[in-house]
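Below is one structure; the comments refer to it alone.
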2 protein chains.
Amino acid sequence: MPPRSQDERPTLEDVAAYAGVSRSTASRALNDDAYVSTRSREKVLGAARELGYSPNQAARSLVTRRTGAVAVVLSEPESKVLDDPYFATVMHGAYRELSATGVQMLLMFVDSREDVPRTIRFLEGGHVDGALVFAPHQGDPLPTALRLLRLPVVYGGRPGSARRGVHAVDFDNRAGARLAVRHLLSTGRRRIATVTGMLDHPAASDRLAGWQDALVEFGLDPTGLSEAGDFTMPSGERAMTALLERAPDLDGVFAASDPMAAGAMRAIRAAGRRIPDDIGIIGFDDQPTLAPAMNPPLTSVHQDPREQIRHMVRTLMALLAGEQVRPDTTVLPVTLEVRDSA
Amino acid sequence: MPPRSQDERPTLEDVAAYAGVSRSTASRALNDDAYVSTRSREKVLGAARELGYSPNQAARSLVTRRTGAVAVVLSEPESKVLDDPYFATVMHGAYRELSATGVQMLLMFVDSREDVPRTIRFLEGGHVDGALVFAPHQGDPLPTALRLLRLPVVYGGRPGSARRGVHAVDFDNRAGARLAVRHLLSTGRRRIATVTGMLDHPAASDRLAGWQDALVEFGLDPTGLSEAGDFTMPSGERAMTALLERAPDLDGVFAASDPMAAGAMRAIRAAGRRIPDDIGIIGFDDQPTLAPAMNPPLTSVHQDPREQIRHMVRTLMALLAGEQVRPDTTVLPVTLEVRDSA
DNA sequence: TCTCGTTCTGGGAGCGCTCCCAGAATTCAG
DNA sequence: CTGAATTCTGGGAGCGCTCCCAGAACGAGA
């Protein structure tokens, strides 16, 4: 064996030679397998430290057929990902949870249909051991495509093209909406409208359903009090303007997202109505940069993305460990964060 | 060679056999090397498509000593990353740019000093070919640690522990601040305060310097009109309250971030002053979810993170291609987005 | 026709690791 | 003290790929 030059990375062979043992023993010591004497183990660990050894991941995964990496896939149009701090939280949380288990995180964005084949090709290319997927839209082709892969996948949120038999971790959007509307009702309001998100989005339709639940259970008629937005601020403003025109007597609004609530507030103000005196308003998501910064601070339904990602990672890890996990959707609770807007 | 079972991934050998050529020829065809006949190339490409072949990245990088992956490192305390849509934009932009050149993106967060050794170990472990690093704090140990690695690195923003000889892409924070203050001056305001970010952050001190520049060049005295915040909303409110107490006659504020501007607005309102009538206010970053959503919509210094990441990726790619790029800091221009707050 | 240069092809080696297996060293019971 | 069980070790094979090199095929010019 030729002596290895200074600036080349040491290999397992080098560590073994330095420790005076064989390659096999060195490997066993470093991966703490059984059947290694304390003496050898210590020599190997010492040698590794001294030489600054770090295993070549490529060589390792070539033989183990494991990459030690997991993909986090965000299937959302660009604007959504950019504007929504929820995704930043998710990414950060995923990183924390994954790196705690020694797994690397690969980020992938799927902006449009054209990105799907590339993404599939990558995922089936054996670059990752599993995937955490956020693909909330009804028509999203990704979940269908993923079905055909033999790759462990856990979804964040109910996947739009939801078939049975997938692992998913969702928030209780419906209960959250009920919570918001009941709070408005409890302050004496009776004409409560809603601005919905895109209804091909399960979270949006769940929130709409929750709003309706609460009104109906109180004996109120929801007809004509719902207007569609697309989760963005301008859409909230537009929808609210329409609602105010249609039902000038309304005294409460539940917006299915915080930015839409912000838009709605502008419309309300433009119509010369006061918040919360004339109209109470509640958002959803409790975005930490937005909701408390608004004027007045926005009452909003709070969810914990960190908790969601923790569940997702735990499930994926169990799957990777070969455990037989029953495919199911875990539903996480949400709470109401009361501020000044209602 | 035993026949490969249905559910195993095809290898290059399989593709070659299917196409009736050798492994070498198949490899050349797929990597479009020179010296492959059109006939063979077509047969190989057809076989690959038919078998659903995708190369084993581990095997490839074992021999090429290239991983085809780049790390994006965010060295910021958790809260900052969570709250700042800037980072979401950066991540998304980085993904776009990198995947366009066929490079995978690995995300890493460095929340605290304890994360540094783990990060270094990973980066020197040969998992990635290079790194894009955002490490803005003065005392951040990461840049120093990275110096010792033979790994191509490009910084986003002037690295805090800035030594000469690194590649970096920064925004013109100082000019941006001047722009903001000059705008306030142009509307007749003369008592213009500033709420700064953490001053161990180069961007914060540059913005402070720009504010001072503009006042001094106009013959005004900046003394006593600056108060430190930490880029967050509560800190903006606190700083503004202090400023109003100290200088009740002030008629303009330049906040070094949008959330601080939001906080400052609350303080101004709490003091019974009107925006922009009594006091004009300008932020920095032009956060798309925040600035236009505020009441009144916030005038803010606009920067384009996408442009920054594009530059960074381009530089890193040149470095990886072995080009001799002179280490230097590229400074990108910023503009003023005028809305209603000033 | 034969040569020579060019284009193209296939086999072998080897990247750094893990896993298997045979055999050496050690322990322990009888 | 012997023979088995147990613990430990080292060498070989091979993961799937790229790269090198020798040689085959194919022209064009003598």
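Hydrogens, waters and symmetry mates play no part in the numbers below; they use all other heavy atoms, side chains included. Within every chain, numbering begins at 1; the chains are lettered A, B, ... in the order of the sequence lines, protein sequences first and strands thereafter.
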Output yes when a side-chain donor or acceptor of [X] lies under 3.5 Å from a complementary backbone atom of [Y], and no otherwise.
X	Y	result
B/T329	B/A168	no
A/D129	A/G68	yes
B/N31	B/D33	no
B/Q308	B/V169	yes

Measure from [atom1] on [X] to [atom2] on [N] and round the result to the nearest Å.
X	N	atom1	atom2	result
A/L51	C/dG16	CG	C1'	15 Å
A/D33	C/dC17	CG	P	15 Å
A/D14	C/dG16	CG	P	9 Å
B/L62	C/dG16	CG	C1'	5 Å
A/K43	D/dC8	NZ	C1'	12 Å
A/N31	C/dC17	CG	P	10 Å
B/D32	D/dT18	CG	C1'	15 Å
A/R60	D/dC17	CZ	P	21 Å

Inset, instruction - May I ask you to decide if the ring planes of B/H92 and A/F109 are parallel, tilted or perpendicular, using 30° and 60° as cut-offs? - result: parallel
For nucleotides 22-27 of chain D, give me every protein contact, N/O to N/O, under 3.5 Å, one pair per line with atom names.
none

Inset, instruction - Kindly indicate, with the supporting measurements, whether the criterion side-chain contact (heavy atoms from CB on, under 4.5 Å) is fulfilled by B/E97 and B/M317. - result: CA-CA 10 Å; B/E97 296 296 324; B/M317 287 305 142; over 6 Å; no
Legend entry - Pairs touching residues 41-50 of chain B that satisfy side-chain hydrogen bond (donor to acceptor under 3.5 Å, both in side chains), sequence neighbours left out: B/Y18-B/E50
Legend entry - A/L132/A/V154 under side-chain contact (heavy atoms from CB on, under 4.5 Å): CA gap, chis, key distance, verdict: CA-CA 5 Å; A/L132 303 174; A/V154 177; 4.0 Å; yes
Inset, instruction - For side-chain contact (heavy atoms from CB on, under 4.5 Å), just list the numbers for A/F122 and A/V73, CA-CA rounded to whole Å, side-chain angles, deciding distance to a tenth of an Å, and then say yes or no. - result: CA-CA 11 Å; A/F122 179 82; A/V73 183; over 6 Å; no
Inset, instruction - State which residues pass salt bridge (charged side-chain N to carboxylate O under 4.0 Å, His left out) with B/D115; sequence neighbours excluded, sorted by chain then number. - result: A/R96, B/R118
Inset, instruction - Decide side-chain contact (heavy atoms from CB on, under 4.5 Å) for B/V153 and B/V166; before the verdict, give the C-alpha distance in whole Å, the side-chain angles of both, and the deciding distance to 0.1 Å. - result: CA-CA 8 Å; B/V153 171; B/V166 300; over 6 Å; no
Inset, instruction - Check whether the side chains of B/S112 and B/E114 place a donor and an acceptor atom closer than 3.5 Å, and report yes or no. - result: yes
Legend entry - Interatomic spacing from CZ in B/R314 to OG1 in B/T101 - rounded to 0.5 Å: 11.5 Å
Legend entry - Pairwise side-chain contact, B/H137 with B/E76, heavy-atom cut-off 4.5 Å (strictly under): yes
Using atom names, set out every protein N or O paired with an N or O of nucleotides 5-8 of chain C below 3.5 Å, distance rounded to 0.1 Å.
from: C/dT7; atom 1: OP2; to: B/Y35; atom 2: OH; distance (Å): 3.2

Inset, instruction - Could you tell me whether the phosphate oxygens of C/dG16, OP1 or OP2, come under 4.0 Å of any side-chain nitrogen or oxygen in B/R65? - result: yes
Legend entry - Distance test, side-chain N/O of A/N56 to OP1/OP2 of C/dC15, below 4.0 Å: no
Any protein N or O atoms within reach of nucleotides 10-14 of chain C? Criterion: under 3.5 Å, listing atom names and distances.
from: C/dG10; atom 1: OP2; to: B/S22; atom 2: N; distance (Å): 2.7
from: C/dG10; atom 1: OP2; to: B/S22; atom 2: OG; distance (Å): 3.1
from: C/dG10; atom 1: OP2; to: B/T25; atom 2: OG1; distance (Å): 3.0
from: C/dG10; atom 1: N7; to: B/R28; atom 2: NH2; distance (Å): 3.0
from: C/dG10; atom 1: O6; to: B/R28; atom 2: NH1; distance (Å): 3.3
from: C/dG11; atom 1: N7; to: B/S24; atom 2: OG; distance (Å): 3.1
from: C/dG11; atom 1: O6; to: B/S24; atom 2: OG; distance (Å): 2.6
from: C/dG12; atom 1: N7; to: B/R23; atom 2: NH2; distance (Å): 3.4
from: C/dG12; atom 1: O6; to: B/R23; atom 2: NH1; distance (Å): 3.1
from: C/dA13; atom 1: N6; to: B/R23; atom 2: NH1; distance (Å): 3.4

Inset, instruction - For the helix from C/dT1-D/dA30 to C/dG30-D/dC1, figure out the bend between the end axes, five pairs an end, and round to 10 degrees. - result: 50°
